[in-house]
There are 2 protein chains.
Amino acid sequence: MKRKITLKHIARELGVSISTVSKALKNSEEIGRDTKEKIQAFAKLYNYKPNNIAISLKNKRTKNIGVIIPDIVHHFFTTVFRGIEKYANAKGYNVIVCVSDESFDKEVINMELLANGSIDGFIMALSAGTQLKNDYNHLKEVTAQGIPLVLFDRVTPEIKCDKVVIDDKKGAYNAVTTFIREGRKKIALITTKDYFSVSRDRAAGYREALLDNDLEINEDLILEFPSMEVDEKGIEEFFTNKKVDAVLSVNEIFAIHSMRFVQSLGIKIPEDISFIGFTDGLLSKYSTPGLTAVAQHGEDMGKIAAEMLIEKVESEEEEETYTTKVLEPTLIVRGSTGN
Amino acid sequence: MKRKITLKHIARELGVSISTVSKALKNSEEIGRDTKEKIQAFAKLYNYKPNNIAISLKNKRTKNIGVIIPDIVHHFFTTVFRGIEKYANAKGYNVIVCVSDESFDKEVINMELLANGSIDGFIMALSAGTQLKNDYNHLKEVTAQGIPLVLFDRVTPEIKCDKVVIDDKKGAYNAVTTFIREGRKKIALITTKDYFSVSRDRAAGYREALLDNDLEINEDLILEFPSMEVDEKGIEEFFTNKKVDAVLSVNEIFAIHSMRFVQSLGIKIPEDISFIGFTDGLLSKYSTPGLTAVAQHGEDMGKIAAEMLIEKVESEEEEETYTTKVLEPTLIVRGSTGN
DNA sequence: TTGTATGCGTTATCAA
DNA sequence: TTGATAACGCATACAA
C-alpha cells in the first residue's frame, strides 16, 4: 500500500528543503532550472498531489459548500441539487449534503457541525420543522460568523441573506387564470399547512386570481392537509362531497391521487374536471393524462444559488447587500387541462 | 461579525497556555479544578467549537465519506444515498457527493480530487462511461493508497473491494417465472446496452427462466436500447410489430412508456399483456395500472454500503478480505400483472 | 498542576 | 538560488 507522498518525503528523498520543493512545484522563478526539473520529475513520478486538508487549514478556505435540504428522495430538491453541484464543481468546489429530514433538530445539528470549518458557505431550504417552530437562531449564528448563506425555495424574511425563489403566487395565479379561461367556475385548491412560505404564496395567488375574475372564494373548496403526507381518505371524502370542475394542487402527489380517484368515479379529465399541479416532476409527465404543471425550474434555481454563494465566498469585501432572485414559473401544459 | 474563536484566543484571554486550554476542555484530570471551570465557562460563553479541519489534519481522519454516483435526479440512487447518509450521519460522518454524470472523465476527476485528503473512503456506483471503457485504473489507484472503497449496484470484478448488489439475475428470473405462472408465453425483455453489469445479469435471469420452463428464447422479443434514453419510436415500432403477452423491462421508464403505448392501442393491462419493471420507483407506484416491480431495496443497500465502509475506515488492521453482499430482490405486485 | 515543544502538510516571509 | 522559520488550529509527550 503506497501511502500518499508529501512535500517532506520529496525533500528528504532529494536532499533539498521542503520550501524548495514547494516553490519548485509551483514553478517559482526563485528556483534553479535543474533543481526545479528534478523535483518536478520526481513529483510526477510519485504522483504527488497536495493535501487538501492542509491547504484548507492554511488558506482558511475549504472549497466545500454545504447543502442542507429537507429530503433527498424528492424530485425538486434533487433537481436543485444538480444545478448546485454542476456549477460548484465547475468552480472547483465540492458539495457536502446533509438531509434535515424536515426536522428542526437535525437541521441545527448538521449546520453547526459543518459550520466548524468544514465548509465555506451554505445553501439550504428550510425544513418543515424549522418553519413550524419559526426559530432561526442557528441561521443567525452562522451569518453572524460571517459564513455566507443562500436560501432557496423555502425561505424566511427573518434572515438577511441571499435568496432564490420562484414566484409561487404568480404560478398559482396563472394556473387559476388558465382554469377560468377554460370556463371553470368551481375551482378547488389542495394545499398543505406545513410549507408555510410556499403554500401561503400559492394560496394567495389562488385567491387573488379568483377575486380578479369576480369569482368568489369558497373556503369549502380549499382542502388543507397538515403535512405533505398523502391522506387518501381526506382526498376521497373531498371529491365525493364537493362539486368542483378544476383543481390546483400545491404538489404533484395530491394531484395524482385526486386524479386517480375522480377517474375511478368515472369523471373525465379534462372534460369534466381540470387539474394543475405544482412542481413539474416525473409523475406529472407520466400520469394519464399528463398533469399540467407549474414548473419550478429547480436546476436554474440551484445554479443561481451556487452562483450567489460562490460570489460571496470569493469576494473580499464584507458587503452587507443581499438580493433575492425571483424566478418566473412556467406552465407546462399537458392532458389534464384544456377541454 | 464575530469570527470563530480558537484555543489560542481563549488562552490569551485567560492568561494560560494553549495546551492547558486544550486539556481543560477535554476535562483532563491534569488540570486544576478552578482553572478548568474558568476555561470551560469561558469556552461555553463564547461557544467554542474545535475546528474540524485542524482536527482532520491532526488525526489524518476527515470524518467525511465520498459518494460518487452517476446521477442524482434518479430515484434509485437517491434512495441508496438516503441509506448512506442516514447511517453515516448517525456515525458522525458527513457525506460529500459528486455526480459523475455517467462520464468516465468526471468520475476520474472527482475521485482524484476527493482522494487528496478530503475523505476517509468512497462509496460509488460506476458510471456508464466507465463500464463502457472498462478502465478502472482510478479505482485501483485509490485502493492502492489504502483508501477504503465500497461499490454498489454497478460493480466490477476487476476491483478487489467490498461490494453490495442485488441479485439482478434472480429478480429477472422471478419476474419471468411470475409471467409463466400466469400462463404467458410470449415474454419480451426491454433492456439496455449501457448498464453492463446489471443489464447482463437481468438478461441472464430472463433467459434462464425461459429455458427452465421449456420456453424457447426468441431474440426477436428482446428489445435492446443503446442507453437509458427513452426511444419512443423504438418502443412503438416494437409493440406494433411484435405479438407479446408479457414484458419485463430493466427500468421503469421503458415500462411506463410501453404501457402507455399499448393502452393507446386498446390493449388491456393486465388482461392482454402483463408488465413488470425493475426499480420500484415513483412511476411504478403511480402509473395506471400500478406497475408490478422488482424492488431493489436502495435504502438498505446504502446502509449496508455505509456500514461496510465505516467498518473498514475505523478498523486498524489492514485486512485484505473483501466481501460482496447480495441482497434479495422483492417483487412488488401491482395492477400490471395477474389476470 | 501548568507549560513547552513538536508535529500534522502546506505556504509565505525573510535570511543566507 | 536555496533554506530556515513561523503560521494555520489542535493534540500530546514531555518538562518544569
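The structure displayed is predicted, hence computed values, not measured ones. Proteins come first, then strands; the chains are lettered A, B, ... in the order of their sequence lines, and each starts at number 1.
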Taking only side-chain N and O atoms of K8(A), does any of them lie within less than 4.0 angstrom of OP1 or OP2 on dG7(C)?
no
Rounded distance in Å - CD1 (I18(A)) to P (dG9(C))
10 Å
Can you tell me how far CG of L132(A) sits from CG of L126(A), rounded to the nearest 0.5 angstrom?
12.0 Å
Do the ring planes of F76(A) and H74(A) sit parallel (below 30°), tilted (30 to 60°) or perpendicular (above 60°)?
perpendicular
Starting at CZ of R33(B) and ending at P of dT2(C), how long is that distance when rounded to a whole Å?
12 Å
Check every strand shown and say whether T6(B) touches a base, only sugar-phosphate, or nothing at a heavy-atom separation below 4.0 Å.
sugar-phosphate
Remember a base hit wins even if backbone is also touched, and classify T35(A) as base, sugar-phosphate or nothing at under 4.0 Å, heavy atoms.
sugar-phosphate
Which heavy atom of S118(B) sits nearest to which heavy atom of T62(B), and what is that distance?
O-OG1, 3.4 Å
Closest non-hydrogen atoms of F122(A) and I68(A), given as atom of the first, atom of the second and distance, are CE2-CD1, 3.9 Å
Side chain of K26(B) - closest among dT12(D), dG9(D), dT2(C):
dT12(D)
Please evaluate the base of dT4(C) for a donor-acceptor partner in the side chain of S19(B) within a cut-off of under 3.5 Å?
yes
Is Y48(B) near enough to dG9(D) that one of its side-chain N or O atoms lies under 4.0 angstrom from OP1 or OP2?
no
Which of the following nucleotides, dG9(D), dC14(C), dT10(C), is nearest to the side chain of I55(A)?
dT10(C)
Rounded to the nearest Å, what distance is computed from the CZ atom of residue R12(B) to the P atom of nucleotide dC8(D)?
9 Å
Counting any heavy atom closer than 4.0 Å, what does K58(A) reach on the DNA or RNA strands: base, sugar-phosphate only, or nothing?
base
SB check K86(A) E299(A) (cutoff 4.0 Å)
yes
Applying a 4.0 Å non-hydrogen cut-off, can you work out what L57(B) is touching in the nucleic acid: base, sugar-phosphate, or nothing?
base
Think K23(B) has a side-chain N or O under 4.0 angstrom from the OP1 or OP2 of dG3(C)?
no
T20(A) side-chain N/O to dT2(D) phosphate OP1/OP2 under 4.0 Å
no
Taking atom P of dT10(C) as reference, at what distance in whole Å does atom NZ of K49(A) sit?
13 Å
What is the separation between atom OH on Y46(B) and atom P on dG9(D), rounded to the nearest whole Å?
18 Å
Atom CD1 of I53(A) and atom C1' of dG7(C) are separated, to the nearest Å, by 16 Å
Given dT11(C), dT2(D), dA11(D), identify the nucleotide with an atom nearest to the side chain of S22(B).
dA11(D)
Rounded to the Å, how far apart are L25(B) CG and dT2(C) P?
13 Å
Side-chain contact check for E30(B): nearest option of dC14(D), dT5(D), dC10(D) is dC14(D)
Atom-pair distance (CG on L14(B); C1' on dT2(C)), nearest Å:
14 Å
Main-chain N/O of L113(B) paired with N52(A) side-chain donor or acceptor, under 3.5 Å
yes
